Amino acid sequence: MKTVDVKEKAREREKRVLEQWQREDTFRQSIANREGKPRFVFYEGPPTANGKPHIGHVLGRVIKDFIGRYKTMSGYQVIRKAGWDTHGLPVELGIEKQLGISGKQEIEKYGVARFVEACKSSVFEYERQWRELTEAIAYWTDLDHPYVTLTNDYIESVWHLLSVIHGKGLLYKGHRVSPYCPCCQTTLSSHEVAQGYEDVKDLSATVKFPNLEGGLVFLAWTTTPWTLPGNIALAVNKSMDYALVRRQGETFVVALNLVEKVMKADYEILSVKKGAELVGMAYEPPFDSIKGANGFRVVDADYVSDASGTGIVHIAPAHGEEDYRTVREHGLDFHNVVDLAGRYTAQVKEFQGRFVKDCDVDVVRYLAEKGLLYAKERYEHSYPFCWRCKSPLLYYATESWFIRTTAVKEQLIANNSRIEWYPGHLKDGRFGRFLEELVDWNISRNRYWGTPLNVWICPDCGKELSPGSRKELREWAAAPVPEDLELHKPYVDGIKLRCSCGGLMERASEVIDVWFDSGSMPFAQYHYPFGDGEAFREQYPADMICEGIDQTRGWFFSLLAVSTLYNGQTPYKAVISTGHVLDENGLKMSKSKGNVIDPWEIIEEYGADAFRWAFLSDSAPWSRKRFSRQIVADAKSKVVDTLQNVHAFYALYAAIDGYRPEEHPLKPLRHDLDRWMMSRLNTLLLQVEKGLEANDFLNPARLIEAFVDELSNWYLRRSRERFWAEGLGEDKLLAYQTLRQVLLTLSRLLAPYMPFLAEELYGNLGGQGSVHLADYPRGDAGLADRELEEQMETVRQVVELARNIRNETGLKTRQPLSRLLLVMERPLSVERFGAIIRGGDQRQAH
């Protein structure tokens, strides 16, 4: 046993343990050691390696590592396979910035093949930093054999899944209004949109639409004035009452229940009509952008209400799902005066070429100048922004491919009911409501770097084919396909398939939503169904997954959706959703605010064990965490350093006395301090097991922290005279026996929390092999003496009260008391515990 240097930096100790793990291949051993045992399946949500890891990633990886270590020590085999999410717009945008280009036209001018190769070469830019941080915080996962979403094998599995979905008739192409990012120039799925809402103040306008027959002016309220150049109709509810209101020489049409709110004062209601009487009336649009169109009349729509606005809705079919449907139902023309970059086309001569969201103020000013503005005001509402580039989204009519998730909605809800959620309210709350309000999944992206959509269409007869493998692609191809064909754009774009009508089928040009990529990982990580089928079956479904709260409508949904669509099954049994890591003031960390904490600074200063303990013991995993250096400093001081000091004490005096535990068989304990310490230990083990089996890391951590304090500041301080006694008498041997047994058990108990310190303790105290190959300690209720623990707690309270009296009266700590009078609610044997009380009163505990 070596001596313990309590002044050694934690980081240096941890580096030494990392070298030991690498030398002894401990992680691989921990998996091989459990061969033949029941599996505990844990999926790794794939991060992107083209961005630096941050402190929020540390939280998730610490929790995932904790679960893997705990379940391994509890007797399960836990395969931990790392993964990398490599496709998508963040990669493309990074390359555009690097190349100094912007937009699809410039990408195609640069060359799609060159652009795709640049994307591919960039995706692991920060892989080394991810690996180093992952190892530094002791997150054990197989980084040498990860699943990678850009590989042909992974893509082939994704193709297989989508081909099956296509075969079920659940994949279709539709022309609909979807959330669209004009900066990224692509549509977003509903769960992507849900990640980017922000509260903003926009300019709203109540606009005049004069009736062509004269005499009436329809009033419509809009929170998006920029859509007015695209107006094609006004909608009323045919069963609702509308008032004709005279004010300042004009006669306005507005919902009867909203007259007072809209008109405010000085008005006269001339008459009341049903909405049906207004249907068919023509009006003059505020802009002449759309000439000669079949439109500009009042139509009926059931969704129109008098809950807000004016009870009359301005219809711009290119920018609203209900608007689009209304125009189609009434046979009106569809027109779009906004291009794919979100700028007005030449049809809007007043604002041609300008980004539409920048024109709200100018549109309102234009209306005022034409006498068409009734009122304006700032309107606070929640507006969607692109979760990638933070640009405001537009609702835009495009052709896209959709998966009919609404067709399996009830199955999704049923599958969710079988999942255990932490925290529980997410099941029927945030996640459950999302499933209840589900829309079809917009699966296609009109971009370049992604899994190509595996749908080929015949231009002659319209037939579709969806090859689900490279073999099917070669068999159906009109010309030979190379065996080593890369399954990316533009390499697959030139392949044509034979159609049964004799024509040549061409691939749909889009790529697949990256969320479908990541949602396919239970299958694609093992190249299912083409790879190791047994490996897949052993690892499906997952017992647990864990990611941040923002994945509730991201990866958590895509996993469930892909699996349910493919085989109807639930892909995971339980999910832990972690909260965001905020700064100490509760603010989101950002470079602009200057409140970002570099995880490496924490690791270097305090060590990864304290870092991990701070995350696991501060609050529940799903709570928002106010993080600060002080929290980690406290964790290091209260737990890491305290244990090191106890360890150092034992090592020092055991070496002085020549105590070798193997030479002294265990004997029954006789001293009350020893018996109490072992009772407390077993009580702790029982409490920790109960908590961890319920996936509660927080309360067991707090119980352990309290126990460590009791070990150091009560047991060890009350027992020092025993360790300082001459020779190796029986009482001293029993004290050594107790302290060593407690420390060895603590090393195993703490291993998932603080893997480095646990390894050091276990090895130095004579544990066999690595602590992470050992079994997790379990308590023995027969060794927990509740009465003794209660009595010792009373003793501690007596000592504490005596110390308080000394402080109040100015009595020195080492000055013996002539008498201590106790008034007790329950009996306490002074004869039995008097020596402990006297020793405790005269030596102040920390």
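None of these values were measured; they are calculated from a predicted model.
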Exercise for the section: Give me the ring orientation class for Phe27 and Trp140: parallel if the planes are under 30° apart, tilted from 30 to 60°, perpendicular past 60°. Expected result: tilted

Exercise for the section: Say whether, by atom type as modelled, one donor and one acceptor occur between the side chain of Thr745 and the main chain of Gln741 under 3.5 angstrom. Expected result: yes

Problem - Validation row: Ile597, Ile602 side chains within 4.5 angstrom (heavy atoms) - result: yes

Handout entry: Side-chain heavy-atom pair Tyr659, Lys732 within 4.5 angstrom cut-off
Key = no

Practice task
Measure the acute angle between the ring planes of His54 and His57, then classify it against the limits of 30° and 60° as parallel, tilted or perpendicular.
Solution key: tilted

Exercise for the section: State, without any angle test, whether Thr26 and Gln20 hold a side-chain donor-acceptor pair at a distance under 3.5 Å. Expected result: no

Problem - Donor-acceptor under 3.5 Å (Arg680 side chain, Phe707 main chain) - result: no

Practice task
May I ask you to test the Leu698-Leu616 pair for a side-chain heavy-atom distance under 4.5 Å?
Solution key: no

Completion exercise
Minimal heavy-atom distance between Ala10 and Gly607, with the atoms involved, is CB-CA, 3.9 Å

Problem - Donor-acceptor side-chain pairing of Glu420 and Tyr422 below 3.5 angstrom - result: yes

Practice task
Taking Gln551 for its side chain and Trp555 for its backbone only, find out whether a donor-acceptor pair lies under 3.5 Å.
Solution key: yes

Handout entry: Leu582 side chain near Leu587 side chain, heavy-atom distance below 4.5 Å
Key = no

Fill in the blank from the handout: Smallest heavy-atom separation, Tyr762 atom then Ala774 atom, equals OH-CB, 3.9 Å

Handout entry: Nearest heavy-atom neighbours spanning Met589 and Val581
Key = CE-CG1, 4.1 Å

Handout entry: Gln768, CD: over 12 other non-hydrogen atoms inside 6.0 angstrom
Key = no

Practice task
Decide yes or no for Trp600 and Gln129: does some side-chain heavy atom of the first lie under 4.5 Å from some side-chain heavy atom of the second?
Solution key: no

Practice task
May I ask you to decide if Ala784's main-chain N or O and Ser679's side chain share a donor-acceptor pair within less than 3.5 Å?
Solution key: no

Problem - Charged N-O contact under 4.0 Å between Arg80 and Glu44 - result: no

Problem - Arg670 atom CZ, over 12 foreign heavy atoms within 6.0 Å - result: no

Exercise for the section: Classify the ring geometry between Tyr653 and Phe649 as parallel (under 30°), tilted (30 to 60°) or perpendicular (over 60°). Expected result: tilted

Problem - Beyond-backbone contact of Arg740 with Met1, side-chain heavy atoms, under 4.5 angstrom - result: no

Completion exercise
For Pro53 and Leu133 the tightest heavy-atom approach is CB-CD2, 3.7 Å

Handout entry: Glu760 side chain vs Arg13 backbone, donor-acceptor pair below 3.5 Å
Key = no

Exercise for the section: Would you mind checking if Arg629 and Glu601 are paired as a salt bridge, meaning a charged N to carboxylate O distance below 4.0 Å? Expected result: yes

Practice task
Determine yes or no for a side-chain-to-main-chain donor-acceptor pair under 3.5 angstrom, with Arg612 supplying the side chain and Tyr753 the backbone.
Solution key: yes

Problem - Glu790/Arg786 salt bridge by N-O under 4.0 Å criterion - result: yes

Exercise for the section: Rounded to the nearest 0.5 Å, what's the gap from NE2 on His647 to CG on Leu652? Could you check? Expected result: 11.5 Å

Exercise for the section: May I ask you to say whether Glu710 pairs ionically with Arg796, meaning some side-chain N is under 4.0 Å from a carboxylate O? Expected result: yes

Practice task
Could you tell me whether Lys636 and Glu605 make a salt bridge, using a distance below 4.0 angstrom between a side-chain N and a carboxylate O?
Solution key: no

Practice task
Inspect the surroundings of CZ in Arg39 and state if more than 12 heavy atoms from other residues, nucleotides or ligands are less than 6.0 Å away.
Solution key: yes

Exercise for the section: Using modelled atom types only, decide if a donor and an acceptor are shared between the side chain of Asp696 and the backbone of Leu692 within a distance under 3.5 Å. Expected result: no

Practice task
If the plane angle is over 60° it's perpendicular, under 30° parallel, otherwise tilted; pick one for Trp421 and Phe556.
Solution key: perpendicular

Practice task
Tell me, with the steps shown, if Tyr776 and Tyr70 meet ring-ring contact (aromatic ring centres under 6.0 Å, His included).
Solution key: CA-CA 7 Å; Tyr776 204 70; Tyr70 172 68; 5.0 Å; yes

Handout entry: Backbone of Leu757 reached by a side-chain donor or acceptor of Asp609 within 3.5 Å
Key = yes

Fill in the blank from the handout: For Val4 and Ala651 the tightest heavy-atom approach is CG2-CB, 4.1 Å

Exercise for the section: Please check if the side chain of His145 supplies one atom and the backbone of Lys81 the other of a donor-acceptor pair under 3.5 Å. Expected result: no

Problem - Flag side-chain contact, heavy atom, 4.5 Å: Asn713 against Thr642 - result: no

Handout entry: Distance flag, aromatic centroids of Phe66 and Phe697, threshold under 6.0 Å
Key = yes

Exercise for the section: May I ask you to decide whether Arg23 forms a salt bridge with Glu19, counting only side-chain N to carboxylate O separations under 4.0 Å? Expected result: no

Problem - Test log, rule side chain to side chain donor-acceptor pair (under 3.5 Å), inputs Arg69 and Ser74 - result: CA-CA 8 Å; Arg69 289 182 189 273; Ser74 297; over 6 Å; no

Exercise for the section: Indicate yes or no: does Arg11 engage Glu604 in a salt bridge with an N to O separation below 4.0 Å. Expected result: yes

Exercise for the section: Begin with the C-alpha distance, continue with both residues' side-chain angles, and end with the deciding distance and a verdict on side chain to side chain donor-acceptor pair (under 3.5 Å) for Gln77 and Glu35. Expected result: CA-CA 7 Å; Gln77 187 179 44; Glu35 191 66 47; 3.2 Å; yes

Practice task
Would you check if there is a donor-acceptor pair between the side chains of Trp613 and Ser617 at a distance under 3.5 Å?
Solution key: yes

Handout entry: Check against side chain to side chain donor-acceptor pair (under 3.5 Å), Arg34 and Thr72
Key = CA-CA 8 Å; Arg34 301 295 182 180; Thr72 296; over 6 Å; no

Problem - Presence of salt bridge, Asp785 and Arg675, under 4.0 angstrom - result: yes

Problem - From CA spacing to verdict: side chain to side chain donor-acceptor pair (under 3.5 Å), Glu135, Trp21 - result: CA-CA 10 Å; Glu135 292 173 349; Trp21 288 344; over 6 Å; no

Handout entry: Check: Ser637 side chain, Asp634 main-chain N or O, donor-acceptor pair, under 3.5 Å
Key = no

Exercise for the section: Determine whether the side chains of Gln29 and Ser770 contain a donor N or O and an acceptor N or O closer than 3.5 Å. Expected result: no

Problem - 4.5 Å side-chain heavy-atom contact, Phe40 and Ile67 - result: yes

Exercise for the section: May I ask you to check whether His664 and Tyr736 place their ring centers less than 6.0 Å from one another? Expected result: no

Problem - Listed partners of His671 passing ring-ring contact (aromatic ring centres under 6.0 Å, His included), at least two apart - result: none

Exercise for the section: Go through the steps to decide whether Phe627 and Phe615 satisfy the test ring-ring contact (aromatic ring centres under 6.0 Å, His included), and finish with yes or no. Expected result: CA-CA 8 Å; Phe627 186 83; Phe615 272 135; 5.2 Å; yes

Practice task
Please say whether more than 12 non-hydrogen atoms of neighbouring residues, nucleotides or ligands are located less than 6.0 Å from NZ in Lys37.
Solution key: no

Exercise for the section: Would you mind checking if Glu127 and Arg131 are paired as a salt bridge, meaning a charged N to carboxylate O distance below 4.0 Å? Expected result: yes

Completion exercise
In short, Val708 meets Lys638 closest at the heavy-atom pair CG1-O, 4.1 Å

